[in-house]
Amino acid sequence: MSKKNQSPMKLLMLITLLVFAVIAALVVINNLKSEQNVSPSTEEGPSIEGQPVLGESDAPVTVVEFGDFKCPACKAWGQNIFPKLVEDYVDTGKVKFSYINVLFHGDESKLGSVAAEAVYKQNPDSYWDFNKALFDAQPDVDHDSLWITMEKINEVASTIPGIDTDQLEKDIQSQDIIDEVNNDSALVEEHKVQQTPSIMVNGTMLEDPFDYEKIKSLIDQALEDK
């Protein structure tokens, strides 16, 4: 074959190789995009033994929120994402949901946490109502101001059936309740929680807790793997 005839053939081969290279690059990019909202999975999620749990105890998938009552993003997550999760997966028996306290905002975070743990000890059926009501009490403006006080705790607790506020004040001071909060802090450290809310699905931490589609995909994949 003459050099003149070889030139078009070489050009065609070069174009073909370039096309394959572009396709391979697109595949890699798509795979990276699909994984970018997930941190590496731990061997297992945090222990939820003794933690408040919403849903069926034998639900096949566990979703855990690391949250802080002083955190405005946690309030927003509870208002916008949590109801969808409950409707789609908790109420259908596919997911059990647990909440672990984080104390990123100091004394107020601690007071909110020990109050919630005391409510759980006194009446587990009242816990989730208290959890929601305390977040709802968080100011929409100037949330960094002092607002989690014993007065506010009693005000919130008095609106929820099944809570004895006198007993609540006593339990908040008990070492057993403080130990429960300390246990949560140990779990926060163990799982390297850096932000609130942090959401884990069967041990896999999301980088964006507000990406509900990714939460759904992780749950659905876990259900398929069962």
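In this text the structure is predicted, and so the values were computed from the model without any measurement. Quick note: residue numbers are just sequence positions, from 1.
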Under 3.5 Å, which donor-acceptor pairs link side chains of residues 45-64 to any protein atom two or more places apart or in another chain?
{"from": "Ser47", "atom 1": "OG", "to": "Glu49", "atom 2": "N", "distance (Å)": "3.3"}
{"from": "Gln51", "atom 1": "NE2", "to": "Asp184", "atom 2": "OD1", "distance (Å)": "2.7"}
{"from": "Thr62", "atom 1": "OG1", "to": "Lys96", "atom 2": "NZ", "distance (Å)": "3.3"}

Below 4.5 Å, heavy atoms only, C-beta onward: do [X] and [Y] meet side chain to side chain?
{"X": "Glu65", "Y": "Cys74", "result": "yes"}
{"X": "Lys216", "Y": "Tyr89", "result": "yes"}
{"X": "Leu218", "Y": "Leu206", "result": "yes"}

Heavy-atom closest pair, residues [X] and [Y]:
{"X": "Thr165", "Y": "Ser158", "value": "CG2-N, 4.1 Å"}
{"X": "Val114", "Y": "Leu111", "value": "CG2-O, 3.2 Å"}
{"X": "Pro161", "Y": "Ser126", "value": "O-OG, 2.9 Å"}
{"X": "Asn123", "Y": "Gly162", "value": "ND2-O, 3.1 Å"}
{"X": "Ile160", "Y": "Ala133", "value": "CD1-CB, 4.1 Å"}
{"X": "Asp125", "Y": "Asp129", "value": "O-OD2, 4.5 Å"}

Reported [atom1]-to-[atom2] distance for the pair [X] and [Y], which is rounded to 0.5 angstrom:
{"X": "Asp88", "Y": "Ile215", "atom1": "CG", "atom2": "CD1", "value": "10.5 Å"}
{"X": "Thr204", "Y": "Gln221", "atom1": "OG1", "atom2": "CD", "value": "10.5 Å"}
{"X": "Glu213", "Y": "Asp208", "atom1": "CD", "atom2": "CG", "value": "12.0 Å"}
{"X": "Ile81", "Y": "Asp211", "atom1": "CD1", "atom2": "CG", "value": "8.5 Å"}
{"X": "Ile177", "Y": "Gln122", "atom1": "CD1", "atom2": "CD", "value": "10.0 Å"}
{"X": "Ile172", "Y": "Lys121", "atom1": "CD1", "atom2": "NZ", "value": "11.5 Å"}

ask   = Quick one: side chain to side chain donor-acceptor pair (under 3.5 Å) partners of Asn183, sequence neighbours excluded?
value =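 Asn183: no side chain to side chain donor-acceptor pair (under 3.5 Å) contacts found.
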Contacts of Glu190 that satisfy side chain to side chain donor-acceptor pair (under 3.5 Å) - sequence neighbours left out =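 Not a single residue meets the side chain to side chain donor-acceptor pair (under 3.5 Å) criterion with Glu190.
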inquiry  = Can you pull out every ring pair (Phe, Tyr, Trp, His ring centres under 6.0 Å) where at least one residue sits in residues 121-146? Sequence neighbours excluded, please.
reply    =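 Those involving residues 121-146 are Phe69-Phe135, Phe97-Trp128, Tyr120-Tyr127.
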task = Indicate whether the side chain of Glu169 and that of Asn154 have a donor and an acceptor atom separated by less than 3.5 Å.
result =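 Per modelled atom types, Glu169 and Asn154 side chains form a pair under 3.5 Å.
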request  = Answer yes when Lys132 and Asp136 have at least one side-chain N-carboxylate O distance shorter than 4.0 Å, and no when they do not.
outcome  =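 Judged by the 4.0 Å cut-off on N to carboxylate O distance, Lys132 and Asp136 do form a salt bridge.
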ask   = Any Lys/Arg nitrogen of Asp140 or Lys75 sitting under 4.0 Å from an Asp/Glu carboxylate oxygen of the other?
value =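 The answer is yes: the pair qualifies as a salt bridge.
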inquiry  = With side-chain contact (heavy atoms from CB on, under 4.5 Å) as the criterion, how do Ser109 and Val102 come out once you've worked through the C-alpha distance, each side chain's angles and the decisive distance to 0.1 Å?
reply    = CA-CA 7 Å; Ser109 299; Val102 181; over 6 Å; no
Check: [X] side chain, [Y] main-chain N or O, donor-acceptor pair, under 3.5 Å:
{"X": "Ser198", "Y": "Gly67", "result": "no"}
{"X": "Glu108", "Y": "Ile148", "result": "yes"}
{"X": "Trp77", "Y": "Pro209", "result": "yes"}

Partners passing salt bridge (charged side-chain N to carboxylate O under 4.0 Å, His left out) against Lys152 (at least two apart in sequence or in another chain) =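 Per chain and number, Lys152 pairs via salt bridge (charged side-chain N to carboxylate O under 4.0 Å, His left out) with Glu155.
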query = Transitively linked via ILVMFWY side-chain contacts under 4.5 Å: Ile178 with Tyr99?
reply =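 Each belongs to a different hydrophobic cluster.
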ask   = Stepwise, does the side-chain contact (heavy atoms from CB on, under 4.5 Å) test hold for Met205 with Ile199?
value = CA-CA 6 Å; Met205 184 81 79; Ile199 304 300; 5.9 Å; no
query = Which residues satisfy the side chain to side chain contact (heavy atoms under 4.5 Å, CB included) test with Gln194, sequence neighbours excluded?
reply =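 Here the qualifying residues are Lys192.
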task = Start with the C-alpha distance between Ser217 and Asp220, add both sets of side-chain angles, then the distance that settles side-chain contact (heavy atoms from CB on, under 4.5 Å), and finish with yes or no.
result = CA-CA 5 Å; Ser217 70; Asp220 292 341; 5.7 Å; no
Criterion side-chain contact (heavy atoms from CB on, under 4.5 Å) on Asp68 and Asn101, from CA distance to verdict = CA-CA 6 Å; Asp68 188 328; Asn101 296 293; over 6 Å; no
